Amino acid sequence: MQVQGIDDDINGILLDMDGLLINSERLYWEANIQAAKEDNLDTPKNTYLKLYGATEKDMQNFYHKYFKTSKERDRFVKRTDDLVWKWTDEGKLKLQPGVQAALDKFQKLNLPMAIVSSNYEDVIEHAMWATGIRNYFNFHLSYNDVQKNHIKAKPAPDIYLLATKKLRIPKKQILVFEDSSTGVEAAKNANLKCVMVPDLMPASDKDRKNAVMICKDFFDFLKKI
């Protein structure tokens, strides 16, 4: 596949999931707000945007700041996850703009595709089946793979290096898609070309340096093929 602005032919695609392929980040944000109200947490709604694309360290710092005990934290996290799972079953989980068209285009071009996510295995499977995209992908990697292989999570390059190894395609021929700064940095750290499609937060100056391009949505990217 030839892409305007990229010199190398692209023969493989790696994609994040939450906030990129599906609108789950917005659902998690709404679930955070609802769970906080139920726990009478007196924090502004925008506070929970700090969890968007957060690193493990950032998440731990957030929880330490706003929850007095690990029990309170675990209750908040479980309630958030349960709400998103419920809303997924109710059909509120949707593909992001242009995702269906992009997946169809990549498949038509016979490009192998894989999901490289920081979420858990059961959540990824649930989301893929709920949105009907399961069969587009050769494989997917999750936080379970991070734990199983004793590697570091994004923004470390580890999970993308593992994905590259499984894809069996030279790095220069792989294109990554990410929506968050953490994900873009992970791809950059793995020496992979990354297209950023921002979701809840706009691209930063650092993102513009790390990504090969910033696209409004997948329709925007498809214009460059």
Side-chain angles (χ1 to χ4, degrees), residues 3 5-8 10 12-26 28-29 32 46-65 96 99 102 113-120 123-124 137 139-167 169-218 220-221 224:
V3 181
I6 296 178
D7 294 332
D8 298 302
I10 300 302
I13 304 291
L14 298 176
L15 307 107
D16 180 48
M17 185 184 75
D18 293 296
L20 179 84
L21 297 178
I22 53 179
N23 68 336
S24 50
E25 292 290 10
R26 187 165 296 278
Y28 277 111
W29 184 27
N32 286 153
N46 284 348
T47 299
Y48 305 102
L49 283 176
K50 294 178 181 178
L51 294 175
Y52 168 62
T55 65
E56 287 183 278
K57 183 178 179 180
D58 289 338
M59 291 182 71
Q60 291 306 317
N61 289 340
F62 176 89
Y63 293 139
H64 180 74
K65 181 177 180 180
Q96 297 280 58
V99 167
M113 292 179 272
I115 287 177
V116 183
S117 173
S118 296
N119 216 325
Y120 288 96
V123 178
I124 295 173
F137 305 103
F139 63 88
H140 60 272
L141 297 180
S142 68
Y143 189 68
N144 298 68
D145 294 288
V146 170
Q147 295 175 315
K148 182 173 64 178
N149 290 280
H150 306 289
I151 59 178
K152 295 179 181 179
K154 300 175 186 179
D158 302 29
I159 194 167
Y160 272 119
L161 295 176
L162 180 60
T164 301
K165 186 176 179 181
K166 288 177 67 70
L167 205 59
I169 292 173
K171 282 186 179 183
K172 66 179 183 178
Q173 297 176 16
I174 295 174
L175 190 60
V176 175
F177 290 84
E178 279 279 359
D179 65 292
S180 72
S181 297
T182 300
V184 173
E185 185 176 350
K188 176 68 173 180
N189 289 338
N191 293 315
L192 293 168
K193 291 183 282 290
C194 183
V195 173
M196 187 181 194
V197 186
D199 183 27
L200 298 182
M201 301 289 287
S204 66
D205 290 340
K206 185 177 180 180
D207 295 330
R208 296 183 186 281
K209 292 179 181 178
N210 287 340
V212 294
M213 67 180 70
I214 311 290
C215 293
K216 177 183 177 182
D217 53 32
F218 275 91
D220 189 18
F221 173 78
K224 303 179 188 300

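Keep in mind the model is a prediction, meaning the values are calculated, not measured.
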If I take atom [atom1] from residue [X] and atom [atom2] from residue [Y], how far apart are they, to the nearest 0.5 angstrom?
| X | Y | atom1 | atom2 | answer |
| --- | --- | --- | --- | --- |
| N210 | S181 | CG | OG | 8.5 Å |
| E25 | Q96 | CD | CD | 9.5 Å |
| N149 | D158 | CG | CG | 9.5 Å |
| M59 | Y63 | CE | OH | 3.5 Å |
| L192 | L14 | CG | CG | 7.0 Å |
| D18 | N119 | CG | CG | 4.5 Å |

Any idea which heavy atoms bring [X] and [Y] closest together, and the distance?
| X | Y | result |
| --- | --- | --- |
| G183 | Y160 | O-CE1, 4.1 Å |
| V197 | K216 | CG1-O, 3.8 Å |
| I159 | S142 | CD1-O, 3.8 Å |
| D207 | S204 | OD2-N, 2.8 Å |
| V195 | C215 | CG1-SG, 3.9 Å |
| Y143 | A153 | CE1-CB, 4.1 Å |

Is there side-chain contact between [X] and [Y], with heavy atoms separated by less than 4.5 Å?
| X | Y | result |
| --- | --- | --- |
| M17 | I22 | yes |
| L15 | F137 | yes |
| K224 | M213 | yes |
| F139 | L167 | yes |
| L20 | E178 | no |
| K209 | K188 | no |
| K154 | D16 | yes |
| S180 | D199 | no |

Quiz item: Taking it one step at a time, do K193 and K171 satisfy side chain to side chain contact (heavy atoms under 4.5 Å, CB included)?
Solution: CA-CA 8 Å; K193 291 183 282 290; K171 282 186 179 183; over 6 Å; no
